[in-house]
Amino acid sequence: MNSDKNKDLIHLIQPQLTRRKFLQISGISSMSLFLGSCGTPAFEDLVGKLSEPLNQKVEELIFQPQKLVPEFSANLIEPEALIINSFRNTPIIDQDKFRLIIDGDVNHPLSLSMAEIQALPLTSMIIRHVCVEGWAAIVQWGGIRLRDIIALAQPQANVKYAFFESADGYYESWDIASATHPQTLLAYQKNGEKLPVENGAPLRLASPIKLGYKQSKWVTRITLTRYLSAFKGYWEDQGYEWFAGL
């Protein structure tokens with residue numbers, strides 16, 4: 001307990017430099033993102049390959065795993081602003097038969113129904129969802145903290161990554177520190193109501209610390225692992241940044 005208080009005190013004393021401010025000052029992440037959107041293909045590939053390892057190391061360095069992102073008041077929710085981007089067609093999922101699988105380097109693999117998931121403590125947060133395409137939306141998400149599910153699976157001490165599979169074939173991977181951030185949710189509510197299928201029901205990732213393409217919809221399996229697969233994520237495997245932090 002004293003250790004936690006000391007950490008909190010250090011955070012108050014040290015000058016605060018947010019990830020966004022740092023990246024704005026350095027120009028590192030924003031430049032690679034710009035080039036990835038509108039540069040010439042050959043130059044994009046060269047700059048992306050050179051800058052991605054540096055981007056990731058910088059973002060990991062300044063990421064604070066337990067630092068909360070400020071949330072918004074209910075009157076600022078933008079109900080129509082969340083654009084529906086589909087990887088493929090919206091999958092058809094029988095929620096009565098749905099099971100969330102948690103496996104990998106764990107001591108207690110899980111197969112959970114929605115009823116079992118919804119019996120866990122509900123967490124609600126109002127955050128900004130930021131898309132790499134340049135738009136954003138303030139949304140209220142409700143669900144369970146991903147770290148609570150991970151804890152139930154009893155991850156082994158050497159786990160470093162979480163790999164996510166979705167019902168539509170989409171796939172993603174996160175560092176374990178981001179996956180266990182207190183504001184990273186497996187959401188089943190949107191703006192106080194049942195999560196719509198087009199937004200990822202029955203379960204989707206929602207977090208204020210990652211860009212939108214990291215926030216998988218229709219999540220069916222979470223594999224905790226010591227190693228980062230060669231298949232990092234659908235968009236990352238096409239050149240997008242892997243860490244993708246905000």
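Values in this document were obtained by computation on a predicted structure and should not be read as measured data.
Listed by chain and number, the residues in a side chain to side chain donor-acceptor pair (under 3.5 Å) with T223 are D103 (sequence neighbours excluded). In terms of the side chain to side chain contact (heavy atoms under 4.5 Å, CB included) criterion, residue partners of A153 (sequence neighbours excluded) are, by chain and number, I102, V106, L110. Scanning for side chain to side chain contact (heavy atoms under 4.5 Å, CB included) contacts around N89 gives an empty result, with sequence neighbours left out. Residues satisfying the salt bridge (Lys or Arg N to Asp or Glu O under 4.0 Å) test with D105, not counting sequence neighbours, are R226. Not counting sequence neighbours, the partners of T220 by the side chain to side chain contact (heavy atoms under 4.5 Å, CB included) test are F98, E165, A167. Judged as a side chain to side chain contact (heavy atoms under 4.5 Å, CB included), and not counting sequence neighbours, the contacts of S111 are R99, I101. A search for side chain to side chain donor-acceptor pair (under 3.5 Å) contacts involving E193 returns nothing, not counting sequence neighbours. With sequence neighbours excluded, the residues forming a side chain to side chain donor-acceptor pair (under 3.5 Å) with T123 are R145, listed by chain and number. Listed by chain and residue number, E172, E236 satisfy the salt bridge (Lys or Arg N to Asp or Glu O under 4.0 Å) test with K214 (two or more places apart in sequence, or in another chain).
Of the N and O atoms on the side chains of T90 and W218, not one donor lies less than 3.5 Å from an acceptor on the other residue.
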Only distances under 3.5 Å count here; give the side-chain donor-acceptor pairs of residues 74-83 to other protein atoms, sequence neighbours excluded, each with its distance to 0.1 Å.
unit_1: N75; atom_1: OD1; unit_2: S73; atom_2: OG; d: 2.4
unit_1: E78; atom_1: OE1; unit_2: I138; atom_2: N; d: 2.8

Using atom types as modelled, flag every donor-acceptor pair under 3.5 Å from a side chain in residues 185-192 to any protein atom, sequence neighbours excluded.
unit_1: K190; atom_1: NZ; unit_2: N199; atom_2: OD1; d: 3.1
unit_1: N191; atom_1: OD1; unit_2: Q140; atom_2: N; d: 3.0

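The 12-atom threshold is not exceeded at CD1 of I92, counting heavy atoms of other residues, nucleotides or ligands nearer than 6.0 Å.
Using a 30° and 60° split on the angle between ring planes, Y170 and Y234 fall in the tilted class, from 30° to 60°.
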key: Full working for ring pair (Phe, Tyr, Trp, His ring centres under 6.0 Å) between Y161 and Y227   = CA-CA 7 Å; Y161 304 99; Y227 304 107; 8.5 Å; no

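The list of side chain to side chain donor-acceptor pair (under 3.5 Å) pairs with a residue in residues 125-134, not counting sequence neighbours, reads E133-W135.
Distance alone, capped at 3.5 Å, places no donor-acceptor pair between the S166 side chain and the Y171 backbone.
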